Amino acid sequence: MNEQLKNIIESLIFISVEPLSFEKIKNTLSEFSEEQIKKAIQDLRKNYKTSQKGIQIIQVGGGYLFSTKPQLDPWIRRLMQEEKKNKLSPAALETLSVVAYHQPTTLSEISALRGTDSAHSIKTLLKKKMVKIVGRKKAPGKPLIYRTTDKFLVYFGLNSIKDLPSSEELNQIIEEGKNEK
Amino acid sequence: MNEQLKNIIESLIFISVEPLSFEKIKNTLSEFSEEQIKKAIQDLRKNYKTSQKGIQIIQVGGGYLFSTKPQLDPWIRRLMQEEKKNKLSPAALETLSVVAYHQPTTLSEISALRGTDSAHSIKTLLKKKMVKIVGRKKAPGKPLIYRTTDKFLVYFGLNSIKDLPSSEELNQIIEEGKNEK
Amino acid sequence: MSNRHDYKVNLEVFQGPLDLLLFLIKKKKIDIQDIPIASITREYLQYLEQKNSINLEREGEFLFMATLLIYIKSQMLLPREEITNEEDPRRTLVNRLQEYQKIKAACSVLKEKEENQKLKWQRASLPSSKWREEEEFMEVSLFDLAEAFFSLMKRKEQENIQILPSKEVSLEEKMKEMRNYFQKHSYLDFFDYFNQQETIEEALISFFCLLEFIKTKTVMAVQEKPFHPIKVWFCNE
């Protein structure tokens with residue numbers, strides 16, 4: 001019985017994004033007594049503490065939560081760096097979309113369209129080789145001109161920049177997609 | 001050594017919301033050999049399988065991911081206050097089957113195979129990120145080309161598209177269906 | 001009439017004409033390789049007739065299939081010797097049905113997998129706030145890219161339609177602001193500066209200020225060549 005209860009609680013804590021309070025566990029598992037639940041949580045935490053493991057159950061913010069052990073942080077950080085290689089932040093994605101559809105373009109044009117300074121995003125995209133500098137505009141301040149790269153085309157499976165979905169194609173999708181849900 | 005490595009990998013899988021591929025683990029932990037890593041993953045998964053636990057490591061979408069054990073579903077639903085999880089509509093599921101078996105494919109091909117216009121279903125699937133646009137076909141009208149995503153694999157618990165039943169296996173299912181009624 | 005209602009199967013339950021045909025074939029235990037076209041056509045039409053009115057948009061496909069069936073039936077009536085096996089008028093339809101049958105089988109497999117997988121809960125996001133910021137990064141596809149752009153354009157459009165409450169800008173304030181600008185930057189790019197103004201009103205006030213500055217010789221406007229950008233320099237004596 002206690003084993004089963006331990007497993008249930010383990011899965012509940014695992015699935016919670018916020019610290020799972022004792023109250024909530026108790027309310028969810030109304031067929032078990034408070035003592036049973038307390039005992040199960042205790043045992044569960046002890047298991048994680050004593051056995052060699054990479055994760056643990058911590059008590060935080062008035063509840064229980066799974067977390068990785070602090071000594072493993074350096075490796076996790078490395079993984080995050082690795083993960084970022086092929087990924088984009090929402091800001092970078094938006095910036096990239098402006099470059100893609102408005103190229104050749106400058107930073108001030110991008111920032112104006114997005115309504116927010118995009119210098120950081122452009123830098124990220126340059127580093128990821130999704131955009132490149134192709135020259136300077138003959139305009140005050142001689143701003144740099146950006147274009148998407150071949151790597152960009154490969155990443156999105158395009159043969160040429162002309163193959164980007166049109167506003168009509170997309171509008172339909174966005175509109176109907178909204179009604180769906 | 002192996003214990004430490006096991007802990008590291010456990011924490012890396014734990015911190016991943018998407019399946020963590022062997023490649024990524026290898027690239028992150030460059031100081032360990034491939035054999036060491038393979039062995040550690042094996043041991044780790046065995047630990048989770050044999051010991052009484054509420055969570056497990058599953059192999060889906062070309063990588064490893066933590067999930068709760070299926071028998072705990074009723075309790076988790078109670079915690080989440082979800083009667084039943086949303087499922088794909090019959091039309092969306094059928095469209096997805098066509099994309100899965102005929103990819104890369106276009107909307108007109110899908111509609112022809114299903115015998116019905118599938119624009120709406122494709123939009124739903126794009127929104128749910130079950131399919132993605134991977135480019136345009138070199139054909140008149142340059143139609144967009146669709147493929148299934150990694151999220152599709154995870155959603156159905158598949159490790160790769162090859163895990164789907166083959167054409168012969170499908171024929172067998174059809175034969176069995178005939179005898180059924 | 002009421003009798004008819006009893007066996008009425010809603011056309012809506014079928015994904016399309018192929019789905020309906022396959023249902024009829026299965027119900028009658030017909031060999032898909034040798035479909036009795038005449039009787040299946042009759043059955044098929046009965047389903048369509050249940051509808052009082054036909055919604056062309058949704059049921060057009062069903063009607064199209066009906067025409068196809070009737071056409072095949074007429075072909076079958078041609079003298080026997082004219083039809084060799086390869087030219088069986090049913091061939092194309094049978095091929096399509098077989099392909100569709102496979103899709104249906106795949107569907108049932110996926111449905112079962114969906115069922116099983118739904119029992120295994122995975123986290124949609126990470127609990128630890130320490131890593132959450134990193135998690136913001138995502139793998140994107142062409143659809144995401146295009147959606148990002150067109151959503152942005154739409155947002156922009158809506159912004160433009162909005163009537164901004166005109167900000168009250170006084171001449172004195174603007175003078176002060178511009179003087180500060182000059183002191184900081186030593187020169188001003190005419191177009192850039194005016195583009196930055198939030199409203200036309202504000203831009204106009206800035207323009208008046210600039211004229212005032214030029215009149216009092218606080219600044220000097222320079223244009224290297226005709227049609228070149230105008231630069232305004234602060235005269236620091």
Side-chain angles (χ1 to χ4, degrees), chain A residues 3-16 20 24-25 27-30 44 47 51-56 66-69 71-83 85-87 153 156-160 162-165 169 172-181, chain B residues 3-16 18 20 23-25 27-30 44 47 51-56 66-69 71-76 78-81 86 89 92 104 119-128 132-136 138 142-145 147:
Chain A
E3 275 307 312
Q4 157 84 334
L5 181 56
K6 248 170 60 187
N7 289 350
I8 296 170
I9 296 173
E10 186 179 23
S11 72
L12 295 185
I13 298 175
F14 168 80
I15 209 71
S16 298
L20 186 63
K24 212 157 179 196
I25 300 176
N27 292 342
T28 306
L29 308 177
S30 46
L44 188 61
N47 285 169
S51 68
Q52 268 276 8
K53 296 202 74 47
I55 53 177
Q56 60 186 348
F66 266 107
S67 97
T68 53
K69 297 214 170 144
Q71 62 267 33
L72 301 174
D73 276 7
W75 279 281
I76 294 170
R77 204 159 284 289
R78 263 204 248 165
L79 174 70
M80 293 298 172
Q81 286 313 113
E82 183 67 29
E83 289 271 16
K85 272 187 199 163
N86 283 313
K87 292 183 178 178
L153 291 178
F156 290 99
L158 297 166
N159 284 317
S160 110
K162 286 187 211 116
D163 288 350
L164 283 169
E169 276 173 312
Q172 250 182 331
I173 294 172
I174 295 169
E175 284 311 309
E176 300 224 4
K178 262 178 203 155
N179 300 339
E180 179 70 12
K181 247 198 175 172
Chain B
E3 275 309 312
Q4 158 83 334
L5 181 56
K6 247 169 64 188
N7 291 350
I8 296 170
I9 294 172
E10 186 178 23
S11 72
L12 295 187
I13 299 175
F14 179 83
I15 213 73
S16 299
E18 282 156 20
L20 185 62
E23 279 300 302
K24 272 188 203 154
I25 301 176
N27 292 343
T28 307
L29 309 176
S30 46
L44 186 62
N47 285 168
S51 69
Q52 268 275 8
K53 299 203 69 54
I55 53 176
Q56 61 184 348
F66 268 105
S67 93
T68 60
K69 293 209 173 153
Q71 61 268 30
L72 302 173
D73 172 65
W75 281 281
I76 298 170
R78 258 203 247 165
L79 175 76
M80 300 295 195
Q81 295 181 329
N86 285 332
S89 72
H120 186 77
S121 299
I122 271 289
K123 283 163 202 165
T124 309
L125 294 170
L126 272 170
K127 276 274 159 192
K128 289 186 189 286
K132 61 183 173 188
I133 300 169
V134 292
R136 277 182 197 276
K138 281 187 194 132
K142 290 201 169 180
L144 295 168
I145 304 172
R147 272 193 180 281

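Order of the sequence lines sets the chain letters (A, B, ...), proteins ahead of strands, with each chain counted from 1. Since we're looking at a predicted model, the values are computed, not measured.
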Q: I'd like to know which of B:L79, B:V134, B:T68, B:N86 tops the heavy-atom pair count under 4.5 Å against chain A.
A: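 Highest number of heavy-atom pairs under 4.5 Å: B:L79.
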Q: Considering only heavy atoms, which portion of B:L20 lies under 4.5 Å from any heavy atom of chain A: side chain, backbone, both, or neither?
A: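 Side chain of B:L20 only, per the 4.5 Å heavy-atom cut-off to chain A.
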Q: How close do A:G54 and B:S11 get, heavy atom to heavy atom, and via which atoms?
A: O-CB, 3.9 Å
Q: Around atom NZ of A:K87, are there more than 12 heavy atoms from other residues, nucleotides or ligands closer than 6.0 Å?
A: yes
Q: Based on non-hydrogen pairs under 4.5 Å, which of A:L153, A:I9, A:L44, A:I15 is most in contact with chain B?
A: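 Winner by heavy-atom pair count: A:I15.
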Q: Which atoms form the tightest heavy-atom contact between B:I8 and A:L72, and what is the distance?
A: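 Heavy-atom minimum between the residues: CG1-CD2, 3.8 Å.
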Q: Looking only at heavy atoms, what is the nearest atom pair of B:F14 and A:I55, with distance?
A: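 Closest approach of B:F14 to A:I55, heavy atoms only: CG-CG2, 3.5 Å.
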Q: Give, as side chain, backbone, both or neither, the part of B:E18 having an atom under 4.5 angstrom from any heavy atom of chain A.
A: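 Side chain of B:E18 only, per the 4.5 Å heavy-atom cut-off to chain A.
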Q: Is it the side chain or the backbone of B:K132 that comes within 4.5 Å of chain A heavy atoms, both, or neither?
A: neither
Q: With sequence neighbours left out, what residues match A:K53 under salt bridge (charged side-chain N to carboxylate O under 4.0 Å, His left out)?
A: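 Result, salt bridge (charged side-chain N to carboxylate O under 4.0 Å, His left out) vs A:K53: B:E10.
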Q: Kindly give the heavy-atom pair with the smallest separation between B:L29 and A:W75, and that separation in Å.
A: CD2-CD1, 2.9 Å
Q: Is there side-chain contact between B:L144 and A:E169, with at least one heavy-atom pair below 4.5 Å?
A: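 Yes; the side chains approach each other to less than 4.5 Å.
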Q: Pick one of side chain, backbone, both or neither for B:S67, based on which atoms fall under 4.5 Å of a heavy atom in chain A.
A: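 It is the backbone, since no side chain atom gets that close.
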Q: How about B:Q52 and A:K6: do any of their side-chain heavy atoms sit closer than 4.5 Å?
A: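 Contact flag for B:Q52/A:K6 side chains = no.
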Q: With a 4.5 angstrom heavy-atom cut-off, which part of A:D163 approaches chain B: side chain, backbone, both or neither?
A: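 Its backbone and side chain both get close to chain B.
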Q: What distance do B:Q81 atom CD and A:T28 atom OG1 have between them, rounded to the nearest 0.5 Å?
A: 7.5 Å
Q: Just jot down the salt bridge (charged side-chain N to carboxylate O under 4.0 Å, His left out) partners of B:R147, sequence neighbours excluded, or say none.
A: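 Salt bridge (charged side-chain N to carboxylate O under 4.0 Å, His left out) check on B:R147 returns nothing, list empty.
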Q: Does the B:R136 side chain pair with the main chain of A:L164, one donor and one acceptor, at a distance under 3.5 Å?
A: yes
Q: Mind running side-chain contact (heavy atoms from CB on, under 4.5 Å) on A:F66 and B:F66 for me, showing each step along the way?
A: CA-CA 12 Å; A:F66 266 107; B:F66 268 105; over 6 Å; no
Q: Does any heavy atom of chain A fall under 4.5 Å from the side chain of B:S30, the backbone, both, or neither of them?
A: both
